[in-house]
Amino acid sequence: MSPVMPPARSRPLASLLATFALLLLGLFAPAVAATPAAAAGGCATTNLALNRPATASSTESAAFPASAAVDGNTGTRWSSQFSDPQWLQVDLGSVQTLCQVVLTWETAAGKAYQIQTSNDGSSWTTVYSTTTGAGGTETLSVSGSGRYVRMYGTARTTGYGYSLWEFAVYGAGSGTPPPPTGGSLGSNVYVFDPSMSQASIQSTLNSIANQQGGNEFGTQRYALLFKPGTYGSAASPLNFSVGFYESVAGLGKNPGDVVINGSVDVYNQCNGGDQSQCYATTNFWRSLSNLTINVAGKSGCYSGDDFWAVSQAAPLRRVHINGNLTLMDYCTGSPDWASGGFIADSQFTGGTVTNGSQQQFFTRNSALDGWSNSVWNQVFCGSPGAPAQTFAANSGLSGGPSSYTTLATCPVTREAPYVYLDSSGNYQVFVPDAQSNSSGTTWASGSTPGTSLSLNTFFVVQPSATTDQINAALAAGDNLLFTPGVYSVTGTLNVTKPDTKIVGLGFPTLVPGNGNVTMNVADVNGVNVSGVIFDAGPTRSTALLQLGVQGSSVSHAADPVSLNDVFFRIGGATAGSATTALVDNSNDSILDDIWAWRADHGAGAGTWSGDQSDTGLVVNGNNVTATGLAVEHFQKTETVWNGQNGKVVFFQNENPYEVPNQASWMASSSQKGYPALAVSSGVTSFQGYGLGSYSYFNQGVDIHNAMAFQAPNTSGVQFHDLLTVFLNGSGGIDSVINGTGAAVSSSFGGPSDVVSYP
């Protein structure tokens, strides 16, 4: 009967007659509500409720969820059941001082209702009340504070429920103006020039490396940038090492614009100097990108190789290495373990890549001229020169073939943005285009396809910046360039503009200050976040980073949201808690080199009650692609995949170490433990390639995980080249996937391989 009300509603006759009369008078509401009024003067301009978690007393149907009233879309709405009372509640993430609420009603409005606030979601204070609500768009002045805000309705204007297009909440204050863009990169960004003396460059690099070599959980952060030109020579090479929280990059448009004759190295760490306890399994949070290395210099065992002995969160991007590269350090003591590295968009000539002890490793869109060996699983996609596909049921076992998973092309990729200097000496940020079914480097035939953005389009964020300033920049449509440092984020950073670029230099680390979601990205196109660490804070957050709106049908295939080198920590540097690290609701998004880690050492780690977190990653979006994904030590299902047509190329996991007893770790009354990755029962299409999960239950208790991977047994959900490994400790993993695959335990350490499933 009406273009406003959904067909599903059935109306009583009296209501239909009344509606007809309104139509005759031309007084009926429009099909799409007006844009919510902006906050009045004296209020900040940021809608604190935008894309925040929302709940309601009821919904008319699944088509009208609570989240639709806070999604910024005036064509979607929440509707309740047809009774009183009803409420809609939004969690702002932290306590806020409030000055205004804007209600944008659909025709089924509230006549009598209250606006209430709460710090805990249970005890409520009324800050506004009316019995004569007029419907339409109501801009309400309020005075109070709270983390939770709700509309509590007690009487309706129609026989239907309460229906809101949008529920907007604004904080008190004069409003923070957008900060200026561009400017200094800060004191912890070092820019080297070929005209500088090599001795001076070497001294600076050595000083930082010596400080950062063992500084795993320190607060110091550095970006080391090289202007175009040549550094070192065959006769006098430039050799230096890279420690924690150092990002080393060339400032050229292409990797050949910056040439280092020498080496850029990462070596083993040795516990207390003990040469029998040296390994690379904790060499995290460092990077090398956008330059060429002609390997030269050094002596003895180290001569002739560039050493990049790392594990997770240590990407090698856009490099050309001319000479030998080794991914393990076979010179500095033993046992030389390493596991979980990442290479992308790189070229290797004049030598070979020595995998060595790398248990799992991922290489994509790179040109290789040799690869030495495999251990448990080495995964390649779109990398000419990679070893051929050989993964088999006995790979990694004595007499078995090499465990190589090789895809000729990568499904969907988007390289990380990077800073460079243009011909006039001005800083630009280059944003590469997305690619489909790609192979080789983006720069093989010249410059990488993409777009250059002036630094003047970026708010250059220093650690002293406030959350309000950052949000004001985002609201103004500015990009963000985070400089090295640790940032306390006291409220959610709301990314609402399409194609916003958020780039980190030197591993900037964002920590929520009030149990808030650290960053929320609206359901828009083209947002990129790269080079950032998200730490959990001491007060539990529901999530650290959220992308999109759950249940959205919006396609972003033409301009996907992407994450590159984004890392999540629950504990380690600081004790913290979050229900989920990353929630991805954005259709078509790209997750490229992601590590979500609940700490097994460091602050808050080591006990089951410390650093609480259920899940590392939840994917609700459709057509999401993950290339290089590691999720480790979370306390329930570690990766939950609810979206259709997902793809994962390379996955690495360790189960939590410190499970105190089996009863504490049960997915159900009959299923022991929790999967590392679970594809939900309603999913009908999914592809996974090269996935591994390990166990090390270290409490001396017989703990078992029934299966490392769990999925519906349907033809469209497919897994390729899976494995489990028993590292040490007690118990083990009883099957690889859905009861298929041999158990691993102290009697058979594995790997237990499954070539394909189902």
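Counting begins at 1 with the first residue of the sequence. Values below: all heavy atoms of this structure, side chains included; hydrogens, waters and symmetry mates excluded.
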**Request:** Go through the steps for Ser383 and Thr363 under the test side chain to side chain contact (heavy atoms under 4.5 Å, CB included), then give the verdict.
**Result:** CA-CA 7 Å; Ser383 295; Thr363 305; 3.9 Å; yes
Could you label the plane-to-plane angle of the [X] and [Y] rings as parallel, tilted or perpendicular, counting under 30° as parallel and over 60° as perpendicular?
X: Phe567; Y: Phe507; value: parallel
X: Trp285; Y: Phe217; value: tilted
X: Tyr190; Y: Tyr222; value: tilted

How about [X] and [Y]: does a side-chain donor come under 3.5 Å of a side-chain acceptor?
X: His556; Y: Asn587; result: no
X: Asn215; Y: Gln211; result: no
X: Asp523; Y: Ser586; result: no

Answer with yes or no after comparing the ring centroid distance for [X] and [Y] against a 6.0 Å cut-off, counting only values under it.
X: Tyr231; Y: Phe226; value: yes
X: Tyr487; Y: Phe482; value: yes
X: Phe634; Y: Trp597; value: no

**Prompt:** Of the non-hydrogen atoms in Tyr418 and Pro432, which two are nearest, and what is the gap between them?
**Reply:** CE2-CG, 4.5 Å
**Prompt:** Among Ile502, Thr181, Leu481, Leu480, which residue meets the side-chain contact (heavy atoms from CB on, under 4.5 Å) test with Phe458?
**Reply:** Leu481
**Request:** Mind running side chain to side chain contact (heavy atoms under 4.5 Å, CB included) on Val259 and Leu291 for me, showing each step along the way?
**Result:** CA-CA 6 Å; Val259 176; Leu291 47 74; over 6 Å; no
**Asked** Is Asp565 salt-bridged to Arg317, cutoff N-O under 4.0 Å?
**Response** yes
